Amino acid sequence: MPATTMDQLVALCKRRGFIFQNADIYGGLQGVYDYGPLGVELKNNIKAAWWRAMIYERDDVEGLDAAILTNRKVLHYSGHEDTFSDPMTDCRKCKGRFRADHIKDGKCPNCGSTDLTEPRPFNLMFKTTVGPVDNADNIAYLRPETAQAIFTQFKNVVDSTSRKLPFGIAQIGKSFRNEITPRNFIFRVREFEQAELEYFVDPGDDEKWHEYWKEERIRWWEEQGLPREHMNIYTTPKDDLAHYAKACYDIEYQFPHGMEELEGIANRTDYDLGNHTKAQEEFGLTSKVHANPESTQKLAILNDEKKKWEVPFVIEPSMGVDRAVLAVLTEAYTEEDLGEGNSRIVLKLKKHLAPIKVAIIPLKKNNEQIMNKCHEIKQNLMKLGIGRIALENTGNIGKAYRRHDEVGTPLCLTVDFETIEQQPESVTLRDRDTMQQIRVNTADLPNYLREYFMK
Ligand code: ATP
């Protein structure tokens, strides 16, 4: 189990510019965080890895980027207005407010009192009004999951891409939940990002695809650096399933605060499309749906073999991007004893996730000749398209190495007097994990780096 503590991660994230408390100068906004210069790179790299695996490497998934503001009817017919709630309880002694299902031994987590109110449902959706008039007709929501727009755009995507089953629609974007008790850094927050795939299948094939996606997603997490033994697959008991699900696996990860959900993989059956479709009675839906007199579209697809229109089932792998950032950081954070009282912190991130790929470090600060060479090398390496290449001008190599170890930069490239004075021109490359240094001719750098970052 990773020995990393949450305090270590929070401190590193602030010190090196990964994650900051939102509105820090005003004391923060609870459950809301901002990603700093390196955090945004790491998060973008995680999202790019997900997008690549879901869309570019496959031939059966299309992308979507839908709006956050959501028409009230969508979340009415999806069931979220009625059922998207957590049980909330109040402590009569200290006035603390908690999720009832997180209370242990009937005691207030704050003061230990057992004088708690009966749990009552608290709807997690953020409500707002659209337009200048603040009345009930103008209510809209910030989406609590990205999935609903995939269902409401189902017909437009099918019509514009001529897809047949099985196929998927993938989306990455912000979601909002008014969590009763946000906690554990970016693990449970009120504004977060999700990466969700809705994979539409023939009814009857759903269980097979549910198993398939569970395995695919475990494999993907391993590729991001999480070993299988730090994950757990939790099968949600029938009584705890979300209102739309027939079955659900949670991929859990050993976070610093415990083994907790990283991604949910749900079998949502024909529940969502069934609730949003016009003419529900035509499709022999298996889910219990609410009558929908307002939808204007049939959300069905033609099954060529069966020669009939059907509402497909859907399998949904849904990952929290912020939880992915936290898991990847937890796994990568390492404190190494270098002997003789020396130690270093090193983020052993997978190369494709590292915020900075190569740091170019001049041996001497403000030396024009060396700096010109650094700029020239940077311009050349940028053409490789391997990601961010940073140029340092601190003049302190030891300090630069320490900083780049801490932020997970795989390679530091040093330009010294030998580089500009001797032929063939060469630079020093230092590997983050082994700390070994090698001399590489500048002319060979593009090939060397291409191969290094491909591995
Ligand atoms: P939990 O049981 O932890 O509240 P959930 O089962 O309600 O999560 P889902 O509705 O399945 O979560 O959402 C899919 C994914 O979105 C989760 O696996 C998680 O990674 C992420 N997620 C959900 N709620 C939050 C949150 N408040 N903060 C950060 N990520 C979240």
Side-chain angles (χ1 to χ4, degrees), residues 4 6-29 31-51 172-174 185-187 189 191-193 195 224-225 320-334 344-362 365-366 371 374-375 377-379 381-382 384-415 430 432-433 449 453:
T4 313
M6 201 66 100
D7 286 347
Q8 286 171 321
L9 291 182
V10 173
L12 175 86
C13 284
K14 177 150 192 196
R15 187 168 72 245
R16 295 302 186 188
F18 281 91
I19 299 162
F20 308 126
Q21 173 74 57
N22 170 268
D24 209 3
I25 62 166
Y26 293 112
L29 179 61
V32 184
Y33 287 88
D34 296 334
Y35 285 77
L38 296 183
V40 61
E41 299 286 347
L42 173 59
K43 200 181 190 208
N44 281 345
N45 291 342
I46 290 174
K47 289 190 281 184
W50 187 88
W51 198 258
I172 300 178
K174 290 268 179 149
F185 195 29
I186 52 168
F187 179 81
V189 281
E191 172 173 342
F192 56 100
E193 235 169 324
Q224 313 317 309
V321 179
D322 308 80
R323 289 188 190 178
V325 170
L326 187 60
V328 161
L329 285 174
T330 304
E331 199 60 51
Y333 186 96
T334 317
R344 68 166 184 155
I345 293 173
V346 50
L347 264 193
K348 296 195 170 179
L349 293 169
K350 289 277 181 189
K351 291 173 209 164
H352 69 282
L353 297 182
I356 298 171
K357 307 297 181 204
V358 182
I360 302 180
I361 306 170
K365 194 175 169 180
N366 298 331
M371 278 318 288
C374 286
H375 282 291
I377 291 174
K378 174 167 171 164
Q379 289 309 316
L381 298 188
M382 290 269 295
L384 296 174
I386 51 176
R388 184 166 174 198
I389 295 172
L391 201 114
E392 295 280 337
N393 190 10
T394 55
N396 183 333
I397 295 219
K399 230 174 163 179
Y401 283 167
R402 256 201 312 283
R403 174 177 130 76
H404 282 286
D405 282 348
E406 278 200 28
V407 305
T409 307
L411 285 177
C412 284
L413 183 159
T414 309
V415 175
R430 172 186 177 273
R432 174 194 73 199
D433 297 341
L449 292 185
F453 283 101

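Below, each value reflects all heavy atoms present in this structure, side chains not excepted, and no hydrogens, waters or symmetry copies. Keep in mind that this is a model prediction, so the values were computed, not measured.
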Discussion item. Checking Asn45 now: which residues fulfil side-chain hydrogen bond (donor to acceptor under 3.5 Å, both in side chains) with it, not counting sequence neighbours?
Written reply: none
Discussion item. Going by the rule side-chain hydrogen bond (donor to acceptor under 3.5 Å, both in side chains), which residues pair with Arg432 if we only count those two or more places apart in sequence or in a different chain?
Written reply: none
Discussion item. My understanding is that only residues two or more places apart in sequence, or in another chain, count here; which of them pass salt bridge (Lys or Arg N to Asp or Glu O under 4.0 Å) with Lys14?
Written reply: Asp24
Discussion item. Do Tyr35 and Asn44 have side chains that approach each other closer than 4.5 Å (heavy atoms only, starting at C-beta)?
Written reply: no
Item to complete: Would you sort out whether Lys348 and Asp433 count as a side chain to side chain contact (heavy atoms under 4.5 Å, CB included), showing the intermediate values?
Response: CA-CA 7 Å; Lys348 296 195 170 179; Asp433 297 341; 3.7 Å; yes
Worksheet item: Checking side chain to side chain contact (heavy atoms under 4.5 Å, CB included) for the pair Gln224/Ile46: CA distance, chi angles, key distance, verdict?
Response: CA-CA 8 Å; Gln224 313 317 309; Ile46 290 174; 5.9 Å; no
Practice prompt. With Lys43 as reference, evaluate Ile19, Val328, Val325 under the side-chain contact (heavy atoms from CB on, under 4.5 Å) test and give the passing residue.
Written response: Val325
Worksheet item: Any side-chain heavy atom of Ile345 sitting closer than 4.5 Å to one from Arg16?
Response: no
Discussion item. Looking at every non-hydrogen atom in both residues, tell me the closest pair between Lys357 and Pro410 and how far apart they are.
Written reply: O-CD, 3.3 Å
Item to complete: Measure the spacing between CG of Asn22 and CG of Asp34 and express it to the nearest 0.5 Å.
Response: 4.5 Å
Worksheet, complete the sentence: Tested for salt bridge (Lys or Arg N to Asp or Glu O under 4.0 Å) against Glu392, the lone hit among Arg403, Lys399, Lys378, Arg402 is Arg403
Practice prompt. Identify the heavy atoms of Ala354 and Leu349 that sit nearest to each other, and give their distance.
Written response: CA-CD1, 4.0 Å
Fill in: Non-hydrogen atoms of Thr394 and Lys365 that approach each other most closely
O-CD, 3.5 Å
Item to complete: Looking only at non-hydrogen atoms, find the nearest pair between Phe192 and Asp322 and report the distance.
Response: CB-OD1, 3.3 Å
Fill in: With sequence neighbours excluded, residues passing salt bridge (Lys or Arg N to Asp or Glu O under 4.0 Å) with Lys174
Glu191
Worksheet item: Rounded to the nearest 0.5 Å, how far does CD1 of Ile186 lie from CG of Leu326?
Response: 5.0 Å
Practice prompt. Decide side chain to side chain contact (heavy atoms under 4.5 Å, CB included) for Ile389 and Leu413; before the verdict, give the C-alpha distance in whole Å, the side-chain angles of both, and the deciding distance to 0.1 Å.
Written response: CA-CA 10 Å; Ile389 295 172; Leu413 183 159; over 6 Å; no
Discussion item. Restricting to non-hydrogen atoms, name the atom on Val321 and the atom on Ala195 that form the minimum distance, rounded to 0.1 Å.
Written reply: CG2-N, 4.0 Å
Fill in: Over all atoms of both residues, closest heavy-atom pair of Phe185 and Tyr33
O-CE1, 3.4 Å
Worksheet item: Distance from Thr409 atom OG1 to Leu38 atom CG, nearest 0.5 Å?
Response: 7.5 Å
Response to the item:
side-chain hydrogen bond (donor to acceptor under 3.5 Å, both in side chains) filter on Asn393, not counting sequence neighbours, yields Asn366
Worksheet item: Who passes side-chain hydrogen bond (donor to acceptor under 3.5 Å, both in side chains) against Lys350, sequence neighbours left out?
Response: none
Worksheet item: Between Arg430 and Asp405, does at least one N-O distance fall below 4.0 Å, as a salt bridge requires?
Response: yes
Discussion item. Are the side chains of Val189 and Val32 in contact, using a 4.5 Å heavy-atom criterion?
Written reply: no
Practice prompt. Hey, could you give me the CG/CG distance between Leu384 and Leu449, rounded to the nearest 0.5 Å?
Written response: 6.0 Å
Worksheet item: Stepwise, does the side chain to side chain contact (heavy atoms under 4.5 Å, CB included) test hold for Met371 with Leu391?
Response: CA-CA 9 Å; Met371 278 318 288; Leu391 201 114; 3.4 Å; yes
Response to the item:
Between the CG atom in Leu329 and the CG atom in Leu9, the distance rounded to the nearest 0.5 Å is 6.0 Å
Practice prompt. Measure the spacing between CG of Leu29 and CD of Gln21 and express it to the nearest 0.5 Å.
Written response: 7.5 Å
